[in-house]
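What's counted below: heavy atoms across the whole structure, side chains too, no hydrogens, waters or symmetry copies. These numbers come from a predicted model, not from an experiment. By convention in this document, chain letters (A, B, ...) are assigned in the order of the sequence lines, proteins followed by strands, and residues within each chain are numbered from 1.
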2 protein chains.
Amino acid sequence: MVVWPGAAHPDPMLFTKAFTSQALAAKLESLVDLSTEERSSLGALPIRQVDVPAGELICRAGDQLSSCFIVLEGFVSLSKETAAGTRQITAFALPGDMPDLLGLHLKVANHDLAAITPCRLASVEHSDLRSLCRTFPAIAEALWTSTLVAGSVFEEWVVNVGSRKATSRLAHLFCEMMTRLEALGLARNDVCDLPLTQVHLAEATGLSRIHVNRSLQELRKQELITYTNGRLTIHDRTGLAQMGQFDPDYLHVPRPGWRT
Amino acid sequence: MVVWPGAAHPDPMLFTKAFTSQALAAKLESLVDLSTEERSSLGALPIRQVDVPAGELICRAGDQLSSCFIVLEGFVSLSKETAAGTRQITAFALPGDMPDLLGLHLKVANHDLAAITPCRLASVEHSDLRSLCRTFPAIAEALWTSTLVAGSVFEEWVVNVGSRKATSRLAHLFCEMMTRLEALGLARNDVCDLPLTQVHLAEATGLSRIHVNRSLQELRKQELITYTNGRLTIHDRTGLAQMGQFDPDYLHVPRPGWRT
DNA sequence: CGGTTCTTTGAGAGATATCAACCAAGGTGG
DNA sequence: CCACCTTGGTTGATATCTCTCAAAGAACCG
């Protein structure tokens, strides 16, 4: 496993714990109810804080894993290399997500993880997480559920790249990201920071960089969105959802706020 | 929930139990070790056997679920409808698979299930499964792991439809199905029954029916496979794996038997 | 035998990829 | 402060892949 230059911080553990309860516990509580005891045990998980600069690789497909990450801050991409040397991004992980929770039981990373923005991660030993799960079945259930949701998102992406055309794929992706960021309190009034380059969008939608550029122009021309400098604004929620055939059910967030 | 015409059978419960231990327990034991007690508890799960004729819908995306299925015999497709009225198949479920295990925690089906061939299914109440999981953490872990593998397969499909061209997509799908059927003992000497029409292949790969037909001809011309009457023969394993950029890791089957 | 369903073929249209530049913004070192 | 470099975005022209439409064979089934 890779070891990063841990970021210097006055009291990393304390600092991170605060973030952990915020990011992870919030996420889990959106899935199941937790008792105060469970909540505090979550906060007491021994973790190592890791800061990763933008663009850096976090782990590679095939790596043996003995710990897993919780995203505390920043955007992480999950991707796989193809033989042609291109990358297919298969998901984006946001604060609260555990992008390699798969490894908890499968021991192996099955995708590359990369920091899109500067990221703060918490690293938790598998053994600690397992014993937590054994002590608190509700936590195990919540973690299980969160992996189910992640799987559901992968499945929807199969539909997205497999059956929609360029503008629809982008529209769908934008709807998804807006919905997830809203659920995290990171979007308001149909505006959010979405620090993805057109290359990221291309790799996530299975399109060429150039075609993404032209499709974005089309979305702008139809006055559905503006997207500049990593800031996304949705002008016509219904229109964008229609164009992307977006139905938020698969995200399993509490109150999506989309009426199609 | 839909209710099917239960198939008449002299002693359905007994008969099915035998199948359940075969299909499900075998699957789970490929993921974790089970004690004899756990194995017998699995076999004693109260289940309802359901037979579904070929082509029939088993459940729809959005259905409320209070039980889930184990495929005992046959091929099941997982798919989603798109607004355009087309279908995207997102996975195939084989004997031993639980294609809607997602519903155990999420309560809602997020894809259509359809019987491709005549299928024999076992239906297990969520409540029974939950209490089994509570009693035997190893079973819970095995089930969790199986959902993680299913997610891993979805992710690879994102790569497949998102970044490979027609012939590669088909080659990859054939490699996957051969590997999984081998693991089940349903393939030998690079030959297996794969009862998918070209329309199924098209819906699974995100291609048009006609283009699938022509791409199959290409695969035949390169002497990689023959595929007629629902029977697949791989003539050149290495060549097919190369064409499909297939690496069996993501399937997490014990001994895949592919050297690339 | 006639009606399905599945497969195959041909021709043309449409979407997307590729190649080659150019532009704009931001950071850096002199 | 400016020249330079890098990164990300844009444009035009052309090539390629894949889709659609239309129709004809094949295989299966009652």
Side-chain angles (χ1 to χ4, degrees), chain A residues 53-56 75 77 82-89 114-118 160-173 193-221 225-232 243, chain B residues 53-56 75 77 82 84-89 114-118 160-171 173 193-221 225-232 243:
Chain A
E56 206 94 327
F75 271 63
S77 70
T82 69
T86 65
R87 262 188 351 156
Q88 173 72 44
I89 291 178
I116 293 179
T117 62
N160 201 37
V161 297
S163 70
R164 294 197 257 263
K165 50 190 48 177
T167 45
S168 290
R169 290 188 209 177
L170 288 167
H172 192 277
L173 179 60
D193 285 324
L194 191 66
L196 306 175
T197 66
Q198 293 185 357
V199 173
H200 288 129
L201 294 176
E203 292 176 337
T205 51
L207 299 166
S208 73
R209 179 172 28 112
I210 285 120
H211 202 58
V212 164
N213 182 287
R214 289 181 172 136
S215 304
L216 283 176
Q217 291 177 39
E218 180 62 28
L219 291 181
R220 280 194 281 259
K221 204 176 73 182
I225 62 159
T226 58
Y227 186 51
T228 31
N229 295 329
R231 166 152 300 200
L232 169 68
M243 158 145 288
Chain B
E56 206 93 325
F75 271 63
S77 70
T82 69
T86 65
R87 265 192 345 160
Q88 173 72 45
I89 292 179
I116 292 178
T117 62
N160 201 37
V161 296
S163 70
R164 296 198 256 262
K165 51 189 49 177
T167 45
S168 290
R169 290 188 209 178
L170 288 167
L173 179 60
D193 285 323
L194 191 66
L196 305 175
T197 66
Q198 294 186 358
V199 173
H200 288 129
L201 295 176
E203 291 176 338
T205 53
L207 299 166
S208 72
R209 182 173 26 115
I210 284 120
H211 202 57
V212 164
N213 181 285
R214 288 180 172 135
S215 304
L216 283 177
Q217 291 175 39
E218 180 62 28
L219 292 182
R220 281 194 280 257
K221 202 176 74 184
I225 61 160
T226 58
Y227 185 53
T228 31
N229 295 330
R231 165 152 300 199
L232 170 68
M243 160 145 288

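- For residues 194-211 of chain B, every residue pair satisfying the salt bridge (Lys or Arg N to Asp or Glu O under 4.0 Å) rule, not counting sequence neighbours, is listed here: B:Arg87-B:Glu203.
- The residue A:Arg164 sits apart from the nucleic acid: no heavy atom pair falls under 4.0 Å.
- Nucleotides of DNA chain D that come within less than 4.0 Å of any heavy atom of chain A span, from the 5' end to the 3' end, D:dG8 to D:dA13.
- Phosphate proximity of C:dT8 to B:Gln198: present, with a side-chain N or O under 4.0 Å from OP1 or OP2.
- Interatomic distance, B:Thr205 OG1 to B:His211 NE2, rounded to the nearest 0.5 Å: 9.0 Å.
- Residues satisfying the side-chain contact (heavy atoms from CB on, under 4.5 Å) test with B:Thr167, not counting sequence neighbours, are B:Ser215, B:Glu218, B:Leu219, B:Met243.
- Per the geometry, NE2 belonging to B:His200 stands 13 Å off P belonging to C:dT5, to the nearest Å.
- In this structure, the side-chain hydrogen bond (donor to acceptor under 3.5 Å, both in side chains) partners of B:Thr197, at least two apart in sequence or on a different chain, are B:His200.
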Letter per nucleotide, 5' to 3', of nucleotides 17-26 of chain C [B base touched, S only sugar-phosphate touched, - untouched; heavy atoms, 4.0 Å]: SBB-------

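- For the OP1/OP2 pair of C:dT7 and a distance below 4.0 Å, the side-chain nitrogens and oxygens of B:Asn213 include no atom meeting the criterion.
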Evaluation steps, side chain to side chain contact (heavy atoms under 4.5 Å, CB included), between B:Leu170 and B:Ile225: CA-CA 11 Å; B:Leu170 288 167; B:Ile225 61 160; over 6 Å; no

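- As a whole-Å value, the separation of B:Lys221 NZ from C:dT9 P is 12 Å.
- Under the 3.5 Å distance criterion, the side-chain polar atoms of B:Arg169 are matched with a main-chain donor or acceptor of B:Arg164.
- Contact record, A:Tyr227 with A:Leu201: CE2-CD1, 3.7 Å, taken as the closest heavy-atom pair.
- With sequence neighbours left out, the salt bridge (Lys or Arg N to Asp or Glu O under 4.0 Å) criterion links B:Arg231 to B:Asp193.
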